[in-house]
There are 2 protein chains.
Amino acid sequence: MRTLILGGGGMVGQKLARHIVANGLNGQQVDITLHDIAFPPDPIAGATQINGSIADVGTLEALAKTKPDVIFHLASIVSGEAEADFAKGWAINMHPTWALLEALRAEHEADPSYRPRIVFTSSIAVFGGPYPDKISDDFLSAPQTSYGAQKSICETLISDFSRKGFIDGISIRLPTICVRPGKPNAAASSFFSGIIREPLNRQEAILPVADTTRHWHASPRSATGFLTHAATLDTDLLQNRRALNLPGVSCTVAEQIEALRDIAGNDMVKLIKPQPDPVIQKIVEGWPRNFAPERALALGFKAESSFKEIIQVYLDDDLKRLT
Amino acid sequence: MRTLILGGGGMVGQKLARHIVANGLNGQQVDITLHDIAFPPDPIAGATQINGSIADVGTLEALAKTKPDVIFHLASIVSGEAEADFAKGWAINMHPTWALLEALRAEHEADPSYRPRIVFTSSIAVFGGPYPDKISDDFLSAPQTSYGAQKSICETLISDFSRKGFIDGISIRLPTICVRPGKPNAAASSFFSGIIREPLNRQEAILPVADTTRHWHASPRSATGFLTHAATLDTDLLQNRRALNLPGVSCTVAEQIEALRDIAGNDMVKLIKPQPDPVIQKIVEGWPRNFAPERALALGFKAESSFKEIIQVYLDDDLKRLT
């Protein structure tokens with residue numbers, strides 16, 4: 001079984017690749033290729049790395065010719081960068097998906113038995129307010145960032161290419177993944193990880209928003225679980241709605257901080273320094289707060305059931321490796 | 001005031017152009033240019049015609065350089081053709097919208113005071129079942145045709161370019177326009193006009209679906225009203241949801257036929273010949289049946305209130321010109 005991870009150098013891509021190297025996919029051994037603009041210094045044994053830009057159509061065509069059975073499409077620039085650099089956002093987050101789908105359609109037309117599974121990491125950024133208390137599975141996509149618009153368009157492309165039978169795609173709208181290991185990134189959501197990760201590493205963390213801010217989270221381990229489940233799911237069950245809201249944990253920043261206090265004590269919590277940033281507050285206020293992801297739950301997608309559990313995943317999977 | 005109609009040679013484009021030539025727009029005199037691949041034999045006095053393909057990026061750039069104040073973007077191939085010719089559907093119904101928006105963004109960046117109103121004719125084909133009894137304004141877009149997917153993507157592009165301030169766009173999801181004058185076209189919805197128009201012109205009409213089929217309609221006169229209203233609306237009122245479900249009349253084919261009987265008598269109705277076509281029945285079964293278009297109504301969009309009224313518009317605006 002041949003698997004390709006576009007965006008394989010990122011945090012989620014690397015965790016997914018390690019998981020697949022260790023466990024296979026659906027009980028099958030997997031030949032795994034990672035494509036990204038950059039990779040961490042320690043390559044994953046058993047995975048092939050290809051350096052390059054997702055915007056390079058020739059490379060996408062060459063990768064399509066290798067006929068991967070499963071393609072995880074995780075490649076994108078983050079919301080903050082797509083908002084700051086409009087042209088780059090579309091050039092990286094939208095047009096390459098079109099080029100990839102066209103390259104795969106060409107392979108399908110040359111060999112109609114070829115119809116790869118594509119798992120696309122979409123985002124809850126496809127939504128825009130005003131919101132109901134819980135966003136249902138049939139709530140409209142009305143993105144209020146270019147990143148969200150690009151994700152929404154890629155979902156629609158993947159659905160239509162799938163409906164026509166050229167590919168067999170599924171788009172999963174990831175909650176904000178938290179606690180991310182490593183350094184802060186340019187995403188406006190970066191602080192959600194920072195206020196947990198930095199204190200646990202005995203460092204100060206900036207909290208740029210009010211602690212009443214409510215948001216929707218799942219752990220990196222859940223992200224790997226979502227992706228592998230989506231790769232092996234019977235897509236007939238999707239009944240032509242191939243974009244899914246995923247399960248997660250809805251909580252306020254105050255509840256996140258209380259979970260940290262429960263697990264790590266008051267001294268850790270003191271390392272969180274409130275420093276309101278109106279720009280970040282405004283962006284985050286536009287984000288979804290809670291979901292009723294009934295379809296994904298019925299299809300067997302699973303996330304944590306509390307924010308404490310999300311912190312525990314970080315302690316188990318990442319902090320122990322760092323200390 | 002400079003106005004451009006892309007797709008200005010089609011039925012709706014021609015009616016819109018005649019209306020604007022006669023009445024101006026918002027009380028202002030209008031310099032009007034029509035662009036299309038083909039035009040009817042009788043040019044509209046007072047309007048400039050440009051022949052060409054919407055897929056010609058050079059022409060779109062040249063048109064953008066003329067800095068129209070209002071652009072009506074009606075250009076597309078119909079649903080049946082986009083479904084039969086996948087590549088052409090995307091090449092005509094999606095990519096040119098991207099090229100147009102990029103050309104307008106370039107003009108905006110050269111002259112930030114330039115921010116044209118774009119009125120895009122989207123369609124209720126952006127929706128896909130299962131449906132609630134009435135589709136609300138926050139129901140998801142889950143298109144089940146390439147045409148619907150292309151319309152949905154153009155909406156998302158127009159919304160994001162508008163949010164960034166490059167243009168000032170609005171997408172209006174037209175009901176199935178009925179009664180269309182002239183000949184049947186390749187749209188799967190063509191019979192909805194045919195079963196009224198052909199009998200009124202003493203010709204037989206084929207009814208390819210069950211008469212219990214319910215659908216959502218407005219007249220060509222309403223379409224002109226929707227477009228001119230959208231061109232002059234205060235878009236701040238849209239609050240960043242720039243795609244609108246429009247008002248219309250929900251009725252079954254049996255109710256359409258009863259309205260025809262009321263207006264024109266039983267002999268006319270006898271000219272309708274049921275001839276079930278499973279392909280058309282299947283397509284039409286996937287279409288929306290009814291809406292609760294509260295936002296559009298609150299914003300002042302108006303349609304007919306009965307199917308009899310829709311037939312009367314045909315008699316007033318089109319049949320008298322033909323007889």
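These numbers come from a predicted model, not from an experiment. Each chain gets a letter, A, B and so on, in the order the sequences are listed, and its residues count up from 1.
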(request) Please check if atom CD in A:E294 has more than 12 non-hydrogen atoms from other residues, nucleotides or ligands closer than 6.0 Å. (result) no
(message) Please classify the contact between A:Q150 and chain B as side chain, backbone, both or neither, with a heavy-atom cut-off of under 4.5 Å.
(response) neither
(request) Report the relative orientation of the aromatic rings in B:F161 and A:W90; use parallel for angles under 30°, tilted for 30 to 60°, perpendicular for over 60°. (result) tilted
(request) For residues A:T156 and B:P143, determine if any side-chain heavy atom of one lies less than 4.5 Å from a side-chain heavy atom of the other. (result) yes
(message) If you compare all heavy atoms of A:A87 against all heavy atoms of B:R105, which two are closest, and at what distance to 0.1 Å?
(response) CB-NH2, 3.8 Å
(message) Is A:S159 in contact with chain B via its backbone, its side chain, both, or neither, using a 4.5 Å heavy-atom distance?
(response) neither
(message) Taking the ring centre of each residue, are B:F139 and A:F139 less than 6.0 Å apart?
(response) no
(message) Please check if the number of heavy atoms outside A:Q239 that lie under 6.0 Å from its CD is greater than 12.
(response) no
(message) To the closest 0.5 Å, what do you measure between CG (A:L157) and CE (B:M94)?
(response) 5.5 Å
(request) Return the option, out of A:S146, A:G129, A:G148, with the maximum number of heavy-atom pairs under 4.5 Å with chain B. (result) A:S146
(message) Please check: side-chain N/O of B:K164 versus main-chain N/O of A:E83, any donor-acceptor pairing under 3.5 Å?
(response) yes
(message) I'd like to check B:H95 versus A:W98 (side-chain heavy atoms, cut-off strictly below 4.5 Å). Are they in contact?
(response) yes
(request) Report the distance from atom CG of A:N245 to atom CG of B:L140, rounding to the nearest 0.5 Å. (result) 9.5 Å
(message) Just verifying a value: how many Å separate A:Y131 OH and B:D138 CG, rounded to the nearest 0.5 Å?
(response) 12.5 Å
(request) Name the region of A:A142, side chain, backbone, both or neither, that has any atom closer than 4.5 Å to a heavy atom of chain B. (result) side chain
(message) When you compare the side chain of A:E155 with that of B:S141, does any pair of heavy atoms fall below 4.5 Å?
(response) no
(request) Check whether A:A243 gets within reach of chain B through its side chain, its backbone, both or neither, counting any heavy atom under 4.5 Å. (result) neither
(request) Check step by step if side chain to side chain donor-acceptor pair (under 3.5 Å) holds for A:T145 and B:R163. (result) CA-CA 8 Å; A:T145 57; B:R163 190 184 56 80; 5.8 Å; no
(message) Less than 4.5 Å to any heavy atom of chain B: does that hold for the side chain of A:P132, its backbone, both, or neither?
(response) neither
(message) If you count every heavy atom of other residues, nucleotides or ligands that lies below 6.0 Å from A:D133 atom CG, does the total exceed 12?
(response) no
